[in-house]
Number of protein chains: 2
Amino acid sequence: MTAPKGRKDKADASRVRILDAAAALFRERGFAAVSLRAIAAAAGMQAGSVYYHFESKEQIVVEVLNLGIAAVHRAVAESVAALPTSAAAAEVIGTGIRSHFRALFQFSAYTSANVRIYGQVPAAVRAANLPVRRGYEALWDGILDRAAAAGAVRPAVDRRAFRLMLIGSINATLEWFDPDRGDVADLAGRYAAILLHGLLQPGEDAAWAS
Amino acid sequence: MTAPKGRKDKADASRVRILDAAAALFRERGFAAVSLRAIAAAAGMQAGSVYYHFESKEQIVVEVLNLGIAAVHRAVAESVAALPTSAAAAEVIGTGIRSHFRALFQFSAYTSANVRIYGQVPAAVRAANLPVRRGYEALWDGILDRAAAAGAVRPAVDRRAFRLMLIGSINATLEWFDPDRGDVADLAGRYAAILLHGLLQPGEDAAWAS
DNA sequence: GTCTATAGCTCGATAGAC
DNA sequence: GTCTATCGAGCTATAGAC
């Protein structure tokens, strides 16, 4: 009983080390620039040993891409579900934005690997990641549909454009924000304020919005 | 007189073919994945010939990165400068957003190569592109400072966060928007409306913005 | 200006020892 | 589970013909 379990624990630990190393390297250098030798070295093993845990470099990158989105999806879904049903639309969306930010930087090796290399990965890898991406987009579409049904959303707003802007603009902060030099919660608050209320004074050229 | 000029024209044309080919390939596959052979083949020549025009692969990518930002910078600066000094803040910023979108997709090989590979390129290449990036950011900071001085901006807004969100969210559309299947000007209008006025109805939970 | 040929490396993946 | 050793391929950059 203990022997097989110990073996499995060791294998699992090695798998995780490989994935962590791969995510960090993909983020830094892109997909093609990272050699299996480099991944193996960062995980503390030889190149050949990686093939005991994964069939190919592509299988590794598929797992890295999926784990990044899954972590953000779980964080947003759980925090929003924990709110009372009476919560205002601004509170629900603000909570989702904060959770996306928090998970984004907590799992930044995986999330920024995803943001950076998704467009450069073989088509088969992209296809394997697509359902996970679509699932996260659907989570936000549901949140925004409920806010609109409650009458909280300006009718002029294209909700799909808003969802794309929300995810796209927050993910773009991975390229410049350093959580060691600033507070992620502050950043989330500033982004939420702009996304929900915009740049301009309420009276300023409201005609432009129509 | 005509002979040297003809030679120079040929060299210039080859340079442009190399840069166009490199930008498109970098966008598709990332920096490291693109071989000099592939660039040369797409430009209609052999690998060795590329070294007559450029010293190295790094020199090619520096030029690709700079040209992408320069095209957007020029378009935004010219369109905003052409407005009357009496133009409202919303019109100035909306014009800048539309020009950024238009140039972004007009020179999309260069602009999306920049967005995608900047984070994965050797440090020396990033350093060579940094002043050009900073220059474009300064252009927007000036536009937003003038809007704030005119009293058009909500005091609660962090203008640096807004500038980062504006550029980051618009550039992120390169990953999903297809200008052959939709109108870039429409997209620009939807993004401008959200950035300027936000998602929510004017009365809806204004306290959240503070 | 573009060509061919090639040097010196590094790559993904596999085979088989331990 | 991890190792070493290696195959065949592709890479950047250079050298020199035309």
Side-chain angles (χ1 to χ4, degrees), chain A residues 2-23 25-26 28-65 117 120-125 128, chain B residues 1-23 25-26 28-64 117 120-125 128:
Chain A
T2 63
K5 209 206 230 136
R7 227 179 297 138
K8 189 167 189 310
D9 284 353
K10 188 177 182 189
D12 284 352
S14 295
R15 257 185 83 90
V16 171
R17 286 206 322 278
I18 293 168
L19 289 169
D20 283 352
L25 288 166
F26 288 149
E28 265 174 56
R29 306 185 203 166
F31 173 68
V34 176
S35 66
L36 236 118
R37 286 167 170 79
I39 296 173
M45 62 181 71
Q46 298 299 315
S49 309
V50 173
Y51 287 87
Y52 176 82
H53 301 279
F54 296 92
E55 282 181 12
S56 67
K57 190 182 166 187
E58 289 200 6
Q59 197 187 87
I60 296 174
V61 75
V62 166
E63 200 142 340
V64 167
L65 294 179
I117 73 177
Q120 317 181 330
V121 111
V125 174
Chain B
M1 219 52 160
T2 62
K5 203 197 232 145
R7 226 179 298 138
K8 188 167 189 309
D9 285 352
K10 188 177 183 189
D12 284 352
S14 295
R15 258 186 82 90
V16 171
R17 285 205 325 276
I18 292 168
L19 289 169
D20 285 352
L25 288 167
F26 288 149
E28 264 174 56
R29 306 184 203 165
F31 173 68
V34 176
S35 66
L36 234 115
R37 285 169 168 78
I39 296 173
M45 61 181 72
Q46 299 299 315
S49 310
V50 172
Y51 287 86
Y52 176 81
H53 302 279
F54 295 93
E55 283 182 10
S56 66
K57 190 182 165 188
E58 290 200 5
Q59 196 186 91
I60 296 175
V61 75
V62 165
E63 199 141 341
V64 167
I117 73 176
Q120 317 181 330
V121 110
V125 174

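Residue numbering restarts at 1 for every chain, and letters A, B, ... go by the order of the sequence lines.
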K.L.:
With sequence neighbours left out, what residues match A:Ala41 under side chain to side chain contact (heavy atoms under 4.5 Å, CB included)?
P.N.:
none
K.L.:
Please report, rounded to the nearest Å, how far the P atom of D:dT2 is from the OH atom of A:Tyr52.
P.N.:
8 Å
K.L.:
Round to the nearest Å and state the distance from B:Lys10 atom NZ to C:dG1 atom P.
P.N.:
7 Å
K.L.:
List in chain and number order the residues that pass salt bridge (charged side-chain N to carboxylate O under 4.0 Å, His left out) with B:Arg15, two or more places apart in sequence or in another chain; answer none if no residue qualifies.
P.N.:
B:Glu63
K.L.:
Over how many whole Å does the gap from B:Phe54 atom CZ to D:dT14 atom C1' extend?
P.N.:
18 Å
K.L.:
Going by side chain to side chain contact (heavy atoms under 4.5 Å, CB included), name the residues that satisfy it together with B:Ala128, two or more places apart in sequence or in a different chain.
P.N.:
B:Val62
K.L.:
I need the CD-C1' distance between A:Gln46 and D:dT2, as an integer number of Å.
P.N.:
9 Å
K.L.:
Return a single string for nucleotides 11-18 of chain C, one symbol per nucleotide in 5' to 3' order, where B is base contact, S is sugar-phosphate-only contact and - is none, cutoff 4.0 angstrom on heavy atoms.
P.N.:
BBBB----
K.L.:
Which atoms form the tightest heavy-atom contact between A:Ala42 and A:Ala21, and what is the distance?
P.N.:
CB-CB, 3.6 Å
K.L.:
Could I get the full list of side chain to side chain contact (heavy atoms under 4.5 Å, CB included) partners for A:Ala22, not counting sequence neighbours?
P.N.:
A:Phe26, A:Ile39, A:Ile60, A:Val64
K.L.:
Can you tell me how far P of C:dT10 sits from CD1 of A:Ile39, to the nearest Å?
P.N.:
17 Å
K.L.:
Does anything in residues 13-23 of chain A come within less than 4.0 Å of DNA chain C? Heavy atoms only, and list the residues if so.
P.N.:
none
K.L.:
Please list every donor-acceptor pair under 3.5 Å in which a side-chain atom of residues 29-37 of chain A meets a protein atom from a residue at least two apart or in another chain.
P.N.:
from	atom 1	to	atom 2	distance (Å)
A:Ser35	OG	A:Ala38	N	3.0

K.L.:
Provide the full list of salt bridge (charged side-chain N to carboxylate O under 4.0 Å, His left out) pairs with a residue in residues 51-62 of chain A, sequence neighbours left out, each pair given once.
P.N.:
none
K.L.:
Rounded to the nearest angstrom, tell me the gap between atom CE in B:Met45 and atom P in C:dT2.
P.N.:
5 Å
K.L.:
Rounded to the nearest 0.5 Å, how far apart are OH of B:Tyr52 and CD1 of B:Ile18?
P.N.:
11.0 Å
